[in-house]
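Worksheet for the structure shown next.
The sequence lines fix the lettering, A, B, ..., with proteins before strands; numbering per chain opens at 1. Side chains are part of it too, since the values below use all heavy atoms of this structure and drop only hydrogens, waters and symmetry mates.
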2 protein chains.
Amino acid sequence: MSSSSDFASLDVSRFQTGKRPEGTEDFIMQQTMLRIKDPVKSLEFYCDVLGFRLVMYLEFPHWGFNVYFVCPSNVSDIPEGQAAQWEYCMNTPGTIELTWNYGSESEEGPVYNTGNADSTGTQDGAKIKGGFGHIGITVPDVYEACERFKKLGCTFHKTPNSGGMKGLAFIKDPDGYLVEILPRGPFVTKSIDCDGIPAEGGDEYKDNSK
Amino acid sequence: MSSSSDFASLDVSRFQTGKRPEGTEDFIMQQTMLRIKDPVKSLEFYCDVLGFRLVMYLEFPHWGFNVYFVCPSNVSDIPEGQAAQWEYCMNTPGTIELTWNYGSESEEGPVYNTGNADSTGTQDGAKIKGGFGHIGITVPDVYEACERFKKLGCTFHKTPNSGGMKGLAFIKDPDGYLVEILPRGPFVTKSIDCDGIPAEGGDEYKDNSK
């Protein structure tokens, strides 16, 4: 077995070249499912703050849950009628399926573990090696997007100039899931960010994983 | 406050209509980040089994981690050179960012909590109310896709005809993260699935959340 340092510069070129395997050519990465405490708060965040739209939802009252598919779609593209909306949704890459189990909205405090060093749901309050890290959106201008998030009262985990990686940010959704804000093109920095933090100097990079 | 049963048929129509908020029109849902134990095993699964390609990777040896962006892209679309690959990646919706922290590949057993009722990383072995549920891919034919997954030795959490929801399946990635297999169009069922289970009869729906 090679050591970690050999492993770090692993030759992975074969995964970048060649055709997709036969039978997989039309597969789409369609969804990421996250459980949420309160659908109204989550829909307000994903739609009003991140600019996503609700492209499809399904209610399962007999099983005690609803699901809401959101994505950064243009509303004019969303067809009418459940069958057409389902087909539209299943053909749209990168949607988020928000799953609400009835009753969670009435519980005190955070309900779900977000995958990042918190411990909701454990008996002993210990840290968890969370697998899920974050979702990430790309935007034309990270600093402008963050000025807007700031005005809307978002909770920041990292503003663009804080920490060791300049020019990207993390905000939190209502359940505490991290949302990374990245540029659509090359990284750029601006001298001052939405929290008044200068690009020069500041903290070094800090690993949030466990 | 309304009760859960009122809440279940919540009016969410305003999130389906209207323009995206000003300043969000060009936002893309670009990534879902998952921490992985072993990059080779994960790349083999996402690329060889699910048919994704590696569109971008970055090595951070000074910080002890690498990231691998995979998505169901056509390889002819992936440009050459890191700058062009970055821009291509940041403009592609629905990629998965696989994050490998050096050394995890040498640990015994599962390393990360998958969000679904397992307890990796807690001190007391208690269940966690995991927030992350699964990723999901859509395919032209769920039964055909599952026959192929079966031949490739995948671990099934649910074959198309088992459980209460017929015509969809769940397989596991090398870290145990669930991958839902869904149809690109309307739900169809076939009489027998890859495990020889008939569509008629069988178990009822079971909630896997906690």
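- Neither the backbone nor the side chain of B/D175 comes within contact range of chain A, judged by heavy atoms closer than 4.5 Å.
- Ranked by heavy-atom pairs shorter than 4.5 Å toward chain A, the options B/D48, B/T24, B/I28 are led by B/I28.
- At a 4.5 Å heavy-atom cutoff, A/S13 makes no contact with chain B through either its backbone or its side chain.
- Residue B/E144 does not touch chain A at all, counting heavy-atom pairs closer than 4.5 Å.
- Taking all atoms of both residues into account, the shortest heavy-atom contact from B/F15 to A/C47 is CD2-CB, 3.6 Å.
- Centroid-to-centroid, the aromatic rings of B/W86 and B/Y88 stay 6.0 Å apart or farther.
- In this structure, no portion of B/V179 lies under 4.5 Å from any heavy atom of chain A.
- Contact count against chain A (heavy-atom pairs under 4.5 Å) is highest for B/F27 among B/F27, B/F60, B/F52.
- A salt bridge is defined here as a Lys NZ or Arg NE, NH1 or NH2 lying under 4.0 Å from an Asp or Glu carboxylate O, and A/D193 with A/K166 fails to meet this definition.
- Of the atoms belonging to B/P140, it is side-chain heavy atoms, and not backbone ones, that fall under 4.5 Å from chain A.
- At a cut-off of 3.5 Å, with distance as the only test, no side-chain donor of A/N113 or A/R35 sits close to an acceptor on the other residue.
- When heavy atoms are compared at a cutoff of 4.5 Å, B/Y46 does not approach chain A at all.
- Within the 4.5 angstrom heavy-atom criterion, only side-chain atoms of B/R148, from C-beta onward, approach chain A.
- A 4.5 Å side-chain heavy-atom check between A/K190 and A/P160 finds every atom pair outside the cut-off.
- For chain A, the nearby part of B/L182 is the side chain; its heavy atoms alone come within less than 4.5 Å.
- Heavy atoms of A/V70 lying under 4.5 Å from chain B are absent altogether.
- The contact between B/I78 and chain A is made entirely by side chain atoms (from C-beta outward), counting heavy-atom distances below 4.5 Å.
- Between B/K129 and A/E107, at least one side-chain nitrogen of the basic residue sits less than 4.0 Å from a carboxylate oxygen of the acidic one, meeting the salt-bridge criterion.
- Heavy-atom contacts from other residues, nucleotides or ligands closer than 6.0 Å to CD of A/Q82 number 12 or fewer.
- Here B/G136 is the residue among B/G136, B/G133, B/G94 with the most heavy-atom pairs under 4.5 Å with chain A.
- Contact count versus chain A (heavy atoms, under 4.5 Å) is highest, among B/I36, B/N91, B/L34, for B/N91.
- Using a 4.5 Å cut-off between heavy atoms, B/F149 contacts chain A through its side chain alone, with no backbone atom that close.
- Of the two parts of B/T114, neither the backbone nor the side chain holds a non-hydrogen atom closer than 4.5 Å to a non-hydrogen atom of chain A.
- Counting only N and O atoms by type, the side chains of B/N66 and B/Y102 include a donor and acceptor under 3.5 Å apart.
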